Amino acid sequence: MDTPFRKHVLLAICGGIAAYKSAELVRLLRKQGCEVRVVMTRSAREFVNPLTFQALSGNPVHTELLDVDEENAMGHINLARWADVVVIAPTTANTLAKCAHGLADDLVTTLFLAATCPVYMAPAMNQAMWNKAITQENIRKLENYGVNFIGPGSGDQACGEIGKGRMAEPAEICQRLLAEPRMTVLQSVKVLVSAGPTREYIASVRYITNRSSGKMGYALARAALQAGAQVSLVSGPVNLSSPAGLDIVNVETASQMYDAVLTRAVNADIYIGAAAVADYRPIAMEKDKIKKQADQTNLVLHKTKDILTDVARLNNAPFTVGFAAETNDLEVYAQEKLRKKNLDMIAANWVGQEQGGFDSEQNALEVFWDQGHASLAMTDKNQLAEQLINLIATRFNEKNRS
Ligand code: C5P
């Protein structure tokens with residue numbers, strides 16, 4: 001399975017006893033799928049050996065402003081550009097003061113000046129140093145410049161005193177960083193989702209439809225919202241309440257869904273076609289109820305326009321994801337649809353079997369893209385949607401970066 005899209009955290013460590021807690025922070029961030037690069041001041045290296053952070057982050061540790069070591073060759077400007085978020089933990093009173101005054105005499109303070117992404121500081125110092133008016137003034141100044149502070153907490157201090165100045169716990173720092181909007185995998189990406197069945201009218205009182213509940217599409221819309229996306233949902237008739245915070249368009253027929261999707265797809269970055277669109281519709285809708293007459297009757301059906309194919313054909317087409325519900329030869333049909341409809345990704349599931357699929361709370365998916373495949377095991381549709389959104393974000397961001 002492909003590596004999930006990783007958010008880039010630049011962790012700067014200053015010289016304080018709390019530096020040992022930063023090792024746990026690196027571990028937690030990596031567990032959450034972040035890529036972490038560590039920068040240490042000279043005094044931080046007196047407390048913890050850089051090797052600890054190299055081993056935990058899987059990357060060489062940066063220590064010098066002018067780094068001649070080839071392995072560490074990413075210069076300070078590139079490091080600052082690389083970061084989605086910078087966190088200085090622990091931030092000492094000294095680094096805090098230097099940053100507040102725009103000094104840049106080492107790698108950490110230079111990175112602070114060069115960073116254009118959000119910056120977080122987790123101060124750690126003796127309670128008297130923390131309470132000193134000049135420190136408080138520096139903090140206010142940095143807050144006014146947009147720096148986000150995490151902690152400090154109160155309690156026993158390494159110096160034997162009791163008071164405010166303990167670095168926030170790694171779990172709290174990790175949580176705050178992950179809540180940063182820049183850290184969400186689809187921040188500001190425009191996602192369009194279609195969901196539910198369509199109704200194809202035979203007459204005003206009768207229609208052809210299918211068993212789609214819309215649950216998967218709605219779960220995908222919700223997961224995309226949680227990942228920071230701006231979401232539009234084009235929905236066929238379902239019995240579900242619409243997630244708050246998205247733009248919803250209710251439609252009934254395949255033709256209405258076609259129009260609603262195509263007009264919005266031109267402005268979308270990602271289109272996820274999770275709707276079970278009818279493949280055929282009656283040629284014309286009878287105005288009145290068709291009366292019972294002959295023992296047999298014929299219904300002439302016309303093929304509907306394929307929404308997915310036409311979205312993928314647009315100039316500047318969004319990243320297009322289709323679904324395939326199959327009763328046999330799942331991989332063969334899914335790969336064929338991926339190619340024929342010119343999709344970026346297809347999520348295939350078995351239907352007509354005991355497990356998952358239509359109208360069920362659970363599902364499992366086989367996901368295919370050009371030269372790649374992932375199996376998402378049977379689970380609750382909300383969890384499955386989160387996993388699929390993560391996969392889509394990974395492929396979408398890779399495509400955009402290449
Ligand atoms: O070819 P098939 O209908 O099995 O493909 C399913 C995929 O195509 C789904 O993503 C569905 O939303 C989409 N589709 C469509 N327009 C149609 C029929 C299917 O977008 N008319």
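As the structure lists them, so they are numbered: ligands from 1, and atoms in each ligand from 1. For clarity, every value in this text was computed on a predicted model and none was experimentally measured. We're numbering straight along the sequence, starting at 1.
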Q. Would Q54 and T52 count as a side chain to side chain donor-acceptor pair (under 3.5 Å) if you check the C-alpha gap in whole Å, the side-chain angles of each, and the deciding distance to 0.1 Å?
A. CA-CA 6 Å; Q54 178 170 322; T52 305; over 6 Å; no

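- Using a 4.0 Å cut-off between a side-chain N of Lys or Arg and a carboxylate O of Asp or Glu, K341 and E336 do not qualify as a salt bridge.
- Regarding atom 18 (C) of ligand 1, its nearest protein heavy-atom neighbour is D279 OD1, 3.4 Å.
- Close approach to G322 involves these atoms of ligand 1, each under 4.0 Å from a residue heavy atom: 10 (O).
- Considering backbone and side-chain atoms together, K337 places an N or O closer than 3.5 Å to an N or O of ligand 1.
- Which of A275, A334, G273 comes nearest to atom 10 (O) of ligand 1 through a heavy atom is settled by distance: it is G273.
- Within ligand 1, the atoms closer than 4.0 Å to a non-hydrogen atom of T304 are 21 (N), numbered from 1 in the order shown.
- Of the residues T109, D105, T92, N138, the one that meets the side-chain hydrogen bond (donor to acceptor under 3.5 Å, both in side chains) test with K98 is D105.
- Counting protein heavy atoms only, atom 14 (N) of ligand 1 is closest to V277 CG2, 4.0 Å.
- Taking distance alone, with nitrogen or oxygen atoms compared against 3.5 Å, I307 approaches ligand 1 more closely than that limit.
- Of the listed residues (K341, M257, K340), the one carrying the non-hydrogen atom nearest atom 1 (O) of ligand 1 is K341.
- Taking the side chain as every heavy atom from C-beta outward, V48 and I13 never approach each other to under 4.5 Å.
- For ligand 1, one of its N or O atoms has an N or O atom of F323 under 3.5 Å away.
- Note on ring orientation: taking the six-membered ring where Trp is involved, the planes of H373 and F368 are parallel (angle under 30°, cut-offs 30° and 60°).
- Of the listed options I346, L308, V321, L308 places a heavy atom closest to atom 20 (O) of ligand 1.
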- Take H62 and M40 through the test side-chain contact (heavy atoms from CB on, under 4.5 Å) and record every step on the way to the result. CA-CA 6 Å; H62 305 262; M40 296 176 86; over 6 Å; no

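- For ligand 1, the atoms lying closer than 4.0 Å to a non-hydrogen atom of K305 are 16 (N), 17 (C), 21 (N).
- Taking 4.5 Å as the limit, some side-chain heavy atom of F319 sits within range of a side-chain heavy atom of I392.
- Side chains of F149 and L96 form a contact here, defined as non-hydrogen atoms less than 4.5 Å apart.
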